[in-house]
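Given the structure is predicted, the values throughout are model-derived calculations rather than measurements. Computation of the quantities below employed the complete heavy-atom set of this structure, encompassing side-chain atoms and omitting hydrogens, waters and symmetry-equivalent molecules.
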Amino acid sequence: MLQFRTQGFNGSAVKYSPFFDNRLAVASAANFGLVGNGRLWILELTPEGIVPMKWFATQDALYDLAWSEIHENQVLTASGDGSIKLFDCGVNEFPIQQWKEHGREVFSVNWNMIAKDKFCSSSWDGTVRIWSPHREQSLLTLPIHSCTYSATFTPHSPDLLSAVSSDGQIRLFDLRTPASASNHLVMQFRNHGSPGLPGQYMPPAAAYPNEVLTHDWNKYRPSILATGGVDTAIRTFDIRSPNPGLAITTLTGHSYAVKKLSWSPHLSSVLLSASYDMTCRVWSDGSDQPAGQLPSAGSQLGMMNKHTEFATGIDWCLFGNEGWCASVGWDENLFVWDVRGVMT
């Protein structure tokens with residue numbers, strides 16, 4: 001396990017570069033993101049350990065980041081002042097581009113992996129916006145009407161994106177549809193059910209709303225996504241199901257809210273989570289059973305508990321062996337570790 005201290009700044013998110021196997025970026029904020037500056041760290045893995053290649057100071061907290069899919073040196077950041085900034089590792093000090101249309105904190109940014117000239121952002125102002133790095137204004141605004149913690153394009157289609165928010169809803173948008181009155185909304189359901197009973201369905205009248213803080217699409221199964229939030233449970237859903245609001249699998253074990261989720265880029269049944277309970281956990285959703293056997297209910301495969309404050313960000317390494325990942329937390333620590341080393 002490798003470790004790096006983001007001295008004076010509490011980590012919010014970490015992402016491996018899609019171009020270099022030894023480079024990653026960390027978004028961070030002073031004073032736990034409540035007040036003060038932010039810092040974007042560009043770090044490299046070397047034989048001597050993790051070393052800072054470059055860092056950029058910002059006037060407000062950074063909550064999320066995304067590597068550009070078209071330029072190996074560029075990184076997007078989501079800021080507490082409502083702005084989105086694009087930094088280039090080869091340019092000193094200042095962002096090379098900035099957008100500011102959101103009225104509140106920007107809480108997530110995500111680059112389209114297929115239509116690589118687009119990215120999206122979500123904000124506490126209750127909107128998701130679509131952008132191009134070549135345009136000064138946003139291309140499209142999607143109303144959510146609720147604090148939106150996470151928005152992401154699916155890795156399987158250039159026109160499908162999803163968002164989760166404080167009203168407990170999961171929304172799916174298809175940009176190929178006419179805008180009309182629905183603003184490209186093609187599916188919406190509540191992330192509900194009892195966290196203690198895997199797969200249990202509760203009718204809408206009995207369902208209770210849960211703030212959904214994070215979600216991610218499976219890299220191998222285009223219709224499967226996972227969500228996590230304040231109810232401490234992780235749920236997986238199939239949007240092609242006749243009842244997409246019925247969770248396929250409910251994974252329990254965290255004792256506080258699930259802050260971040262990421263499906264493995266190597267194994268279709270494995271996902272990683274980071275939680276306010278200061279742990280990162282690796283899970284199987286039970287879909288990897290031999291042909292002819294029913295999927296299991298899913299299970300926890302292992303836990304990493306080196307963080308001493310909220311674990312806020314995780315990401316998988318795209319290169320090399322299938323288990324390497326990175327995590328950050330409010331303890332000012334970045335850890336690079338192998339999930340196979342914590343599996344029981």
**Q** In Å, rounded to the nearest 0.5 Å, how long is the span from CG of L246 to OG of S241?
**A**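 Output value for this atom pair is 6.5 Å.
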**Q** Establish, yes or no, whether the cationic atom of R39 lies under 6.0 Å from the six-membered ring centre of W41 and within 45° of the ring axis.
**A**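 Yes, R39 and W41 form such a contact.
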**Q** Checking the side chain of S264 only, and the main-chain atoms of L271 only, is there a donor and an acceptor separated by less than 3.5 Å?
**A**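 Checking the backbone N and O of L271 against the side chain of S264, no donor-acceptor pair under 3.5 Å is found.
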**Q** Can you check ring pair (Phe, Tyr, Trp, His ring centres under 6.0 Å) on Y16 and F319, steps first, answer last?
**A** CA-CA 10 Å; Y16 275 95; F319 305 94; 8.5 Å; no
**Q** Does a donor on one side chain sit under 3.5 Å from an acceptor on the other, for K54 and N92?
**A**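 Yes, side-chain donor-acceptor contact under 3.5 Å.
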**Q** Less than 4.5 Å apart, any side-chain heavy atom of S162 and any of R171?
**A**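 A side-chain contact under 4.5 Å is absent here.
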**Q** Side-chain donor-acceptor pair under 3.5 Å between T312 and S12, yes or no?
**A**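 No.
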**Q** Salt-bridged, D174 to R176, with N to O below 4.0 Å?
**A**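 Salt bridge present between D174 and R176.
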**Q** Any luck finding a side-chain donor-acceptor pair between E211 and Y149 under 3.5 Å?
**A**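 Indeed, the side chains of E211 and Y149 share at least one donor-acceptor pair under 3.5 Å.
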**Q** Going from CD1 on I50 to CZ on R5, what distance comes out if it is rounded to the nearest 0.5 angstrom?
**A**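 Spacing of CD1 (I50) from CZ (R5) equals 14.0 Å.
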**Q** Are D159 and S157 linked by a side-chain donor-acceptor pair shorter than 3.5 Å?
**A**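 Side chains of D159 and S157: no pair found under 3.5 Å.
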**Q** Is there a donor-acceptor contact under 3.5 Å linking the side chains of S287 and S269?
**A**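 Absent: no donor and acceptor within the cut-off.
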**Q** Kindly give the heavy-atom pair with the smallest separation between I130 and K118, and that separation in Å.
**A**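 Closest approach of I130 to K118: CG2-CD, 4.3 Å.
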**Q** I need the minimum non-hydrogen distance between A25 and I42, along with the two atoms involved.
**A**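 Shortest heavy-atom separation between A25 and I42 comes out as CB-CD1, 3.9 Å.
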**Q** What residues, two or more places apart in sequence or in another chain, satisfy side-chain contact (heavy atoms from CB on, under 4.5 Å) together with S275?
**A**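 Partners of S275 under the side-chain contact (heavy atoms from CB on, under 4.5 Å) test: H254, Y256, D277.
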**Q** Side chains of L140 and L175: closer than 4.5 Å at any heavy-atom pair?
**A**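 Result yes, sub-4.5 Å side-chain heavy-atom pair found.
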**Q** Using the ring centroid of each side chain, check whether F56 and F94 are separated by less than 6.0 Å.
**A**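 Between F94 and F56, which both carry aromatic rings, the centre distance is not below 6.0 Å.
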**Q** Scan side-chain atoms only and decide if E101 and S138 contain a donor-acceptor pair under the 3.5 Å cut-off.
**A**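 Per modelled atom types, E101 and S138 side chains form a pair under 3.5 Å.
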**Q** Under a 3.5 Å threshold, yes or no: a donor from one side chain and an acceptor from the other, between W131 and S121?
**A**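 The criterion, which ignores hydrogens and geometry beyond distance, is satisfied for S121 and W131.
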**Q** Between T152 and H215, is there a side-chain donor-acceptor contact under 3.5 Å, judged purely by atom types and distance?
**A**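 Result is no, nothing qualifies.
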**Q** Measure the CE-SG distance between M304 and C325 for me, rounded to the nearest 0.5 Å.
**A**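 Interatomic distance, M304 CE to C325 SG, rounded to 0.5 Å: 7.0 Å.
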**Q** Using a distance-only test with no angle check, is there a side-chain donor-acceptor pair under 3.5 angstrom linking N333 and Q3?
**A**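 The answer is yes; a qualifying pair exists.
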**Q** Find the distance between CD (Q300) and CD1 (I234) and round it off to the nearest 0.5 Å.
**A**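 Interatomic distance, Q300 CD to I234 CD1, rounded to 0.5 Å: 8.5 Å.
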**Q** Please round to the nearest 0.5 Å and tell me the distance separating atom CG of D125 and atom CZ of R104.
**A**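 Going from the CG atom of D125 to the CZ atom of R104 covers 8.0 Å.
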**Q** Mind checking whether W330 and F310 have parallel, tilted or perpendicular rings, split at 30° and 60°?
**A**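 Aromatic pair W330/F310 classed tilted.
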**Q** Indicate, with yes or no, if the rings of F119 and W99 have centres closer together than 6.0 Å.
**A**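 F119 vs W99: aromatic centres under 6.0 Å.
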**Q** Is it true that F107 and W124 have ring centroids separated by less than 6.0 Å?
**A**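 Ring centroids of F107 and W124 are less than 6.0 Å from each other.
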**Q** Report the distance from atom CG of N183 to atom CG of L142, rounding to the nearest 0.5 Å.
**A**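 If I round to the nearest 0.5 Å, the distance is 7.0 Å.
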**Q** Would you call R221 and D285 a salt bridge, using N to O less than 4.0 angstrom?
**A**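 Counted as a salt bridge, because a side-chain N and a carboxylate O are separated by less than 4.0 Å.
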